[in-house]
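Bear in mind the structure is a predicted one, so any value in this text is a computation, not a measurement. The first residue of the sequence shown is numbered 1, and numbering continues consecutively from there.
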Amino acid sequence: MQKMLFIMNPYAGLRKANKYLPQIISLFNQAGYQVTTYMTAGPGDGTEIVKRCLPEHDLVVCAGGDGTLNEIISGVLSLGSDHPIGYIPCGSTNDFAASLKISGNILQAAQDIVEGTPLTYDVGRFNQRYFSYVASFGAFTKASYSTPQSVKNALGHLAYILEGIQELPQIRTTHMRVEFPDEVIEDDFIFGAISNSTSVGGILTLSPAQVDMRDGKFEILLVRVPKDPLELHECIVALRNQTYNCSMITFRSTPNLTIFPDPSMPWTLDGEKADGQSVIRIDNLHHAIRLIQKEAESC
């Protein structure tokens with residue numbers, strides 16, 4: 001009988017997974033798993049539980065949002081482990097799950113873990129921290145970590161949009177130097193995302209044809225300041241049509257990059273706040289995790 005470490009964030013999303021907990025555990029038990037269950041109580045709990053308990057288990061499954069998954073992945077990688085990871089998405093946006101087409105139905109997602117097999121995926125490293133799908137800065141990124149959990153629970157994805165609208169008067173440019181393996185860019189930007197996902201914050205989407213979550217590369221999107229309404233319109237159209245061919249946008253794919261930003265500028269990693277630093281090295285850790293899926297998807 002395989003031993004499963006099951007970690008759940010009881011505050012994630014609309015807390016809708018809570019009422020399914022007995023059914024989830026029963027489903028795993030019937031599939032032959034011996035399940036040890038932990039509830040997170042605050043930020044970082046998931047990582048600490050994994051570091052403390054995973055060596056005694058065969059796999060880890062988490063139920064929560066993108067931040068919960070980030071904690072579990074961080075714990076697994078900090079152990080240097082290749083334990084399979086199962087994910088039951090029940091957060092406010094679930095960008096990572098959307099990119100992989102993981103079911104939003106809680107019991108179906110659990111069943112898919114039972115029937116699935118581990119597939120390797122890339123993970124990002126932001127200096128000494130990890131992220132599963134995005135590191136971002138600038139416009140609207142603050143909403144993901146500043147929106148109170150109670151508001152997220154009440155309004156779901158709408159909460160991010162409302163908070164993002166409130167940020168508009170506070171949007172500022174940031175000057176930075178970005179060094180790619182074969183190119184250097186220096187300019188003023190209002191937004192940037194280093195992502196391995198087709199969805200960023202539920203607001204920005206990238207074309208599935210341009211994103212492969214297993215190719216060892218990130219998609220880098222940097223947005224400059226539009227100088228007038230015409231440029232603003234051009235930028236909006238480019239983002240909406242996923243063409244990224246206007247003068248305000250830089251779009252690249254790369255396995256790594258080094259950024260020299262304003263150290264006071266905050267970042268978000270998978271929707272959670274990360275303090276700014278004067279030098280940030282970002283690396284794609286190719287095939288760093290094994291995520292359980294029912295079948296391979298084109299990502």
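- One hydrophobic cluster holds both Ile249 and Val211 under the rule that ILVMFWY side chains link at heavy-atom gaps under 4.5 Å.
- The backbone N or O of Gly44 sits less than 3.5 Å from a side-chain atom of Glu71, completing a donor-acceptor pair.
- Looking only at distances, no side-chain donor or acceptor of Asn94 sits under 3.5 Å from a matching main-chain atom of Ala97.
- A donor-acceptor contact shorter than 3.5 Å links the side chain of Ser81 to the backbone of His83.
- Here the shortest heavy-atom pairing between Ile292 and Ile113 reads CG2-O, 3.5 Å.
- Listed for the Asp283 side chain is no donor-acceptor partner under 3.5 Å among the backbone atoms of Leu285.
- The two atoms that bring Gly64 and Asn9 nearest to each other are CA-CB, 4.3 Å, heavy atoms only.
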With side chain to side chain donor-acceptor pair (under 3.5 Å) as the test, would you mind laying out the steps for Glu186 and His175 before giving the verdict?
CA-CA 7 Å; Glu186 187 167 354; His175 187 85; 3.0 Å; yes

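- Taking CZ of Phe131 as the reference point, atom OG of Ser195 lies at 8.5 Å (rounded to 0.5 Å).
- The local environment of CZ in Arg125 is sparse, with at most 12 non-hydrogen atoms from other residues, nucleotides or ligands closer than 6.0 Å.
- Side-chain contact check for Thr258 versus Ile280: every heavy-atom pair is 4.5 Å or farther apart.
- Salt-bridge check for Lys3 with Asp58: failed, with every basic side-chain N at 4.0 Å or more from each acidic carboxylate O.
- The distance from atom OG of Ser132 to atom CD1 of Ile289, rounded to the nearest 0.5 Å, is 7.0 Å.
- Dense packing is recorded around CZ of Phe251, with more than 12 heavy atoms of other residues, nucleotides or ligands lying under 6.0 Å away.
- When side chains are defined from C-beta on, Ser78 counts as touching Lys51, because their heavy atoms get closer than 4.5 Å.
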Apply the test side-chain contact (heavy atoms from CB on, under 4.5 Å) to residues Phe260 and Ser278: give CA-CA distance (whole Å), side-chain angles for both, the deciding distance (0.1 Å), then the verdict.
CA-CA 6 Å; Phe260 300 86; Ser278 58; over 6 Å; no

Check against side-chain contact (heavy atoms from CB on, under 4.5 Å), Ile72 and Thr47:
CA-CA 5 Å; Ile72 273 57; Thr47 298; over 6 Å; no

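- Separation of atoms CZ (Phe189) and CE (Met265) is listed at 10.5 Å; rounding is to 0.5 Å.
- Residues Val60 and Val123 share a single hydrophobic cluster, defined by chaining ILVMFWY side chains whose heavy atoms lie under 4.5 Å apart.
- Looking at heavy atoms from C-beta onward, Pro181 lies in side-chain contact with Thr254 at the 4.5 angstrom threshold.
- Residues Phe180 and Phe218 keep their aromatic ring centres 6.0 Å or farther apart.
- A salt bridge does not link Lys217 with Glu219: none of the charged nitrogens is closer than 4.0 Å to a carboxylate oxygen.
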Tyr38 and Arg52: CA distance, side-chain angles, deciding distance, side-chain contact (heavy atoms from CB on, under 4.5 Å) verdict:
CA-CA 12 Å; Tyr38 284 87; Arg52 185 173 68 249; 4.0 Å; yes

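- Each of Arg290, His287, Arg214, Gln293 was scored for a side-chain hydrogen bond (donor to acceptor under 3.5 Å, both in side chains) with Tyr121, with one residue passing: Gln293.
- Here the closest heavy-atom approach between residue Ile7 and residue Gly46 is recorded as CD1-O, 4.1 Å.
- For the residue pair Gly104 and Lys16, the shortest heavy atom distance occurs at O-NZ, 4.2 Å.
- A donor-acceptor contact shorter than 3.5 Å links the side chain of Asn29 to the backbone of Tyr33.
- To the nearest 0.5 Å, atoms CD1 (Ile24) and NZ (Lys19) are separated by 11.5 Å.
- Under a 3.5 Å cut-off, the side chain of Asp112 and the backbone N or O of Lys294 do not form any donor-acceptor pair.
- Residue Tyr87 is not grouped with residue Leu107 when hydrophobic side chains (ILVMFWY) are merged at heavy-atom distances under 4.5 angstrom, including chains of intermediate members.
- When each of Asp66, Asn70, Asp270, Asn196 is tested with Tyr133 by the rule side-chain hydrogen bond (donor to acceptor under 3.5 Å, both in side chains), just one qualifies, namely Asp66.
- Between Arg15 and Pro10, the closest heavy-atom pair is CG-O, 3.5 Å.
- A side-chain donor-acceptor contact under 3.5 Å links Asn127 to the backbone of Arg281.
- Side-chain contact check for Leu221 versus Thr250: every heavy-atom pair is 4.5 Å or farther apart.
- The side-chain contact (heavy atoms from CB on, under 4.5 Å) test with Ile88 is passed by exactly one of Ile102, Thr68, Leu69, Ile106: Ile106.
- The hydrophobic clustering, which links ILVMFWY residues whose side-chain heavy atoms are closer than 4.5 Å, places Phe28 and Leu54 apart.
- Shortest non-hydrogen contact noted between Glu231 and Ser247 is OE2-OG, 4.3 Å.
- A donor-acceptor pair is defined here as one N or O able to donate and one able to accept, closer than 3.5 Å; no such pair exists between the side chain of Ser26 and the backbone of Pro22.
- Atom CD1 of Ile25 is separated from atom OH of Tyr20 by 15.0 Å, given to the nearest 0.5 angstrom.
- A distance of 10.0 Å separates CE in Met4 from OG1 in Thr36, rounded to the nearest 0.5 Å.
- When hydrophobic clusters are built by joining Ile, Leu, Val, Met, Phe, Trp and Tyr residues whose side-chain heavy atoms come closer than 4.5 Å, directly or via intermediates, Met248 is not grouped with Ile185.
- Leu291 is listed as a side-chain neighbour of Phe96, based on a closest heavy-atom distance under 4.5 Å.
- Taking 4.5 Å as the limit, every side-chain heavy atom of Thr120 sits out of range of all side-chain heavy atoms of His286.
- In this structure, the side chains of Ile194 and Trp267 come closer than 4.5 Å at one or more pairs of heavy atoms.
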Test side chain to side chain donor-acceptor pair (under 3.5 Å) applied to Asp262 and Ser264, step by step:
CA-CA 5 Å; Asp262 178 348; Ser264 66; 2.8 Å; yes

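- Side-chain contact check for Asn256 versus Asn284: every heavy-atom pair is 4.5 Å or farther apart.
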Can Leu100 and Met213 be said to form a side-chain contact (heavy atoms from CB on, under 4.5 Å), step by step?
CA-CA 9 Å; Leu100 291 180; Met213 299 173 72; 3.6 Å; yes

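- Remark: Gln128 CD is loosely packed, at most 12 non-hydrogen atoms of other residues, nucleotides or ligands lying under 6.0 Å away.
- Proximity of a side-chain donor or acceptor of Asp122 to a complementary backbone N or O of Gly216 within less than 3.5 Å is detected.
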